[in-house]
Amino acid sequence: MLTLRFIQENRDFIIERLKIKNFDATKITGQILALDKERRSTQAAMDDHKAELNKLSKEIGKLFKNGKVEEATKVKEKNAQIKENIKEQSESLNKIEEQLNLLLVQLPNIPHESVPPGKGEQDNVEIKSGGTKPELAQDALPHWDLAKKYDIIDFELGNKITGSGFPVYKGKGAKLQRALINYFLDKAIEAGYHEVLPPLMVNEDSGFGTGQLPDKEGQMYHVALDNLYLIPTAEVPVTNIYRNKILSAKDFPIRMTAYTPCFRREAGSYGKDVRGLNRLHQFDKVEIVQIQHPDKSYETLQEMLNHVESLVKSLNLPYRILKLCGGDISFTSALTYDFEVYSAAQQKWLEVSSVSNFEAFQANRLKLRFKEEGEKKTKLAHTLNGSALALPRILAALLENNQSAEGVVIPEVLRPYTGFDIID
RNA sequence: GGAGAAAUGGCAGAGUGGUCGAAUGCGGCGGUCUUGAAAACCGUUGUCCGUUCCGCGGACCGGGGGUUCGAAUCCCUCUUUCUCCGCCA
């Protein structure tokens with residue numbers, strides 16, 4: 001959510017920049033500013049009435065104390081009229097604020113100046129790539145066939161227990177999941193992130209704080225009886241740790257990492273995109289989150305990028321880093337890089353990480369602020385997060401790329417965690 | 001799930017209808033003293049909104065609503081915490 005002050009001072013800039021996100025902000029910013037003006041004048045008028053009421057109420061108190069009951073009663077009558085006015089003004093103020101909020105939450109974050117224009121994922125810009133695509137044998141199998149061959153992931157069983165998109169990992173498959181989780185967590189901790197294990201369900205306030213609510217509730221599983229949402233990513237509970245906090249500048253950077261399962265409804269997905277591990281309703285992910293001083297958030301974004309890159313490299317997966325274009329970047333993000341790994345049997349690039357700087361957009365919703373050393377005024381912090389990493393597609397690529405006649409070879413770095421070096 | 005009690009500033013904790021944005025202690029910050037530090041002493045110390053912005057006005061004592069001329073204080077409701085009972089990994 002952009003702040004009102006920012007919209008007041010930078011309307012033309014906002015309209016111009018949001019064109020990159022293919023969003024026409026002309027009308028909505030106009031409405032916002034008009035409503036805000038109305039809000040201010042209504043509040044000023046109401047405050048005046050309240051001041052009057054407060055003053056008179058004090059007088060009444062004194063009059064009663066001095067036994068001047070008649071005079072007091074007169075003043076009371078006067079107050080009744082003022083109260084009537086306040087009631088009306090407060091009602092219209094509530095209405096105005098409601099409308100204002102409705103509009104404010106519809107305005108996307110301003111994209112960073114480096115975000116390239118574009119309509120969709122085809123316009124994302126590759127900024128780096130690494131690793132080499134393996135030469136697979138003629139009879140190489142896609143991961144879903146490998147999973148079946150070695151009996152390490154059972155999709156049908158998941159269908160039976162829950163539904164599609166909820167696989168059952170078995171034996172070495174299950175152990176490999178655990179190994180990846182621990183490996184990623186250990187690397188994050190090594191890089192200075194503080195591990196947390198958050199709740200997997202969040203309330204509405206948390207959903208609002210990170211930008212999932214309102215509007216994107218269709219992407220989350222909702223537990224209606226208790227009005228809770230299953231988390232689509234650890235970003236939600238972890239970032240919300242700092243909701244309603246006022247930090248001091250010396251607290252930065254705050255680095256947190258969390259492993260959680262993630263739950264996504266993925267409504268509207270279909271076909272080969274969802275085959276096997278490519279798109280699941282429940283998957284495991286290690287997330288990294290940072291809260292940083294506005295002046296340093298882009299340095300931090302780069303640092304997070306480096307961390308994710310080091311993970312992908314250490315697993316010997318061919319990868320590329322994309323800078324998302326205006327048409328593909330999310331509503332809340334100012335700048336996002338996607339990491340993709342090449343899954344050799346499918347001959348497909350799979351997104352395994354998304355690293356974003358939200359600048360103050362989430363912080364404004366979260367009321368996550370800080371004070372500069374020695375200053376009284378609060379400012380909004382910047383929030384960032386990234387996957388480090390999402391497991392299923394990493395697993396897909398590992399299975400496909402490392403298959404051989406003998407079996408699937410486990411990357412060196414994971415062997416201390418798996419306790420085996422081949423799946424056969 | 002049932003019965004009862006409670007929720008106040010960074011923390012602890014007073015305050016039961018006006019003089020309370022809130023005593024006091026701790027913590028934080030600034031100063032005096034000191035070679036430096038500690039101790040002691042003095043001062044200071046919440047957030048948000050509006051504004052004609054050295055000033056002034058308004059809101060906030062878990063959330064929402066109500067009673068009243070006036071609410072931290074009374075009432076209703078929700079949430080959370082604690083105690084007891086029940087259930088349970």
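First the proteins, then the strands, lettered A, B, ... as listed; each starts at 1. The basis for the numbers below is simple: all heavy atoms, side chains too, and nothing from hydrogens, waters or symmetry mates.
Under the Watson-Crick and G-U wobble criteria, each requiring two contacts below 3.5 Å, nucleotide B:rG36 is left unpaired. When both pairing distances are held under 3.5 Å, B:rG43 makes a Watson-Crick or G-U pair with B:rC29. Nucleotide B:rG17 has no partner under the Watson-Crick or G-U criteria, as no pair reaches both atom distances under 3.5 Å. The pairing partner recorded for B:rG55 is B:rU51, the criterion being a Watson-Crick or G-U wobble arrangement whose two distances lie under 3.5 angstrom. Under the Watson-Crick or G-U wobble criterion, with both distances below 3.5 Å, B:rA5 is paired with B:rU81. Under the Watson-Crick or G-U wobble criterion, with both distances below 3.5 Å, B:rA72 has no partner in any strand shown.
Among residues two or more places apart in sequence or in another chain, the side chain to side chain contact (heavy atoms under 4.5 Å, CB included) test is passed with A:E412 by A:R415.
In this pair, A:Y183 and A:Y417 present their aromatic rings perpendicular. The plane angle is above 60°, beyond the 30 to 60° band. Ring-plane geometry between A:F6 and A:F13 is classed as perpendicular, the angle between the planes exceeding 60 degrees on a 0 to 90 degree scale with a lower cut at 30.
Nucleic acid contact for A:D47: base, since at least one base atom lies under 4.0 Å from a heavy atom of the residue. If you check every strand for non-hydrogen atoms under 4.0 Å, A:I246 touches sugar and phosphate atoms only. No contact: A:S41 has no heavy atom under 4.0 Å from any strand. Residue A:D48 is out of contact with every strand shown, counting any heavy-atom pair closer than 4.0 Å.
Taking the six-membered ring for Trp and the full ring otherwise, A:F370 and A:F252 have centroids separated by under 6.0 Å. Aromatic pair A:H112/A:Y298: centroids less than 6.0 angstrom apart.
A salt bridge does not link A:K149 to A:D145: none of the charged nitrogens lies less than 4.0 Å from a carboxylate oxygen.
For the C1' atom pair drawn from B:rA12 and B:rA71, the interatomic distance equals 25 Å after rounding to whole Å. Here, B:rG17 and B:rC56 have their C1' atoms 28 Å apart, quoted to the whole Å. Of the P atoms belonging to B:rU44 and B:rC53, the separation is 27 Å, rounded to the nearest Å. Taking the P atoms as reference points, B:rC11 lies 14 Å from B:rG46, given to the whole Å. For the C1' atoms, the distance from B:rU24 to B:rA14 is 7 Å, rounded to whole Å. Remark: the separation of the C1' atoms in B:rU16 and B:rG27 is 29 Å, to the nearest Å. Comparing the P positions of B:rA6 and B:rU77 gives an interatomic distance of 16 Å, to the nearest angstrom. A distance of about 11 Å separates the C1' atoms of B:rG86 and B:rA3, rounded to the whole Å.
When RNA chain B is scanned in the 5' to 3' direction for atoms under 4.0 Å from non-hydrogen atoms of chain A, the outermost contacting nucleotides are B:rG18 to B:rG70.
Annotation: A:K119, atom NZ; neighbour count of heavy atoms from other residues, nucleotides and ligands within 6.0 Å does not exceed 12.
The residue among A:K377 and A:K83 whose nearest nucleotide of RNA chain B is located toward the 5' end is A:K377. Between A:K371 and A:G61, the residue anchored nearer the 5' end of RNA chain B, judged by the nucleotide with its closest heavy atom, is A:G61.
For A:N109 and A:T332, the side-chain atoms include no donor-acceptor pair closer than 3.5 Å.
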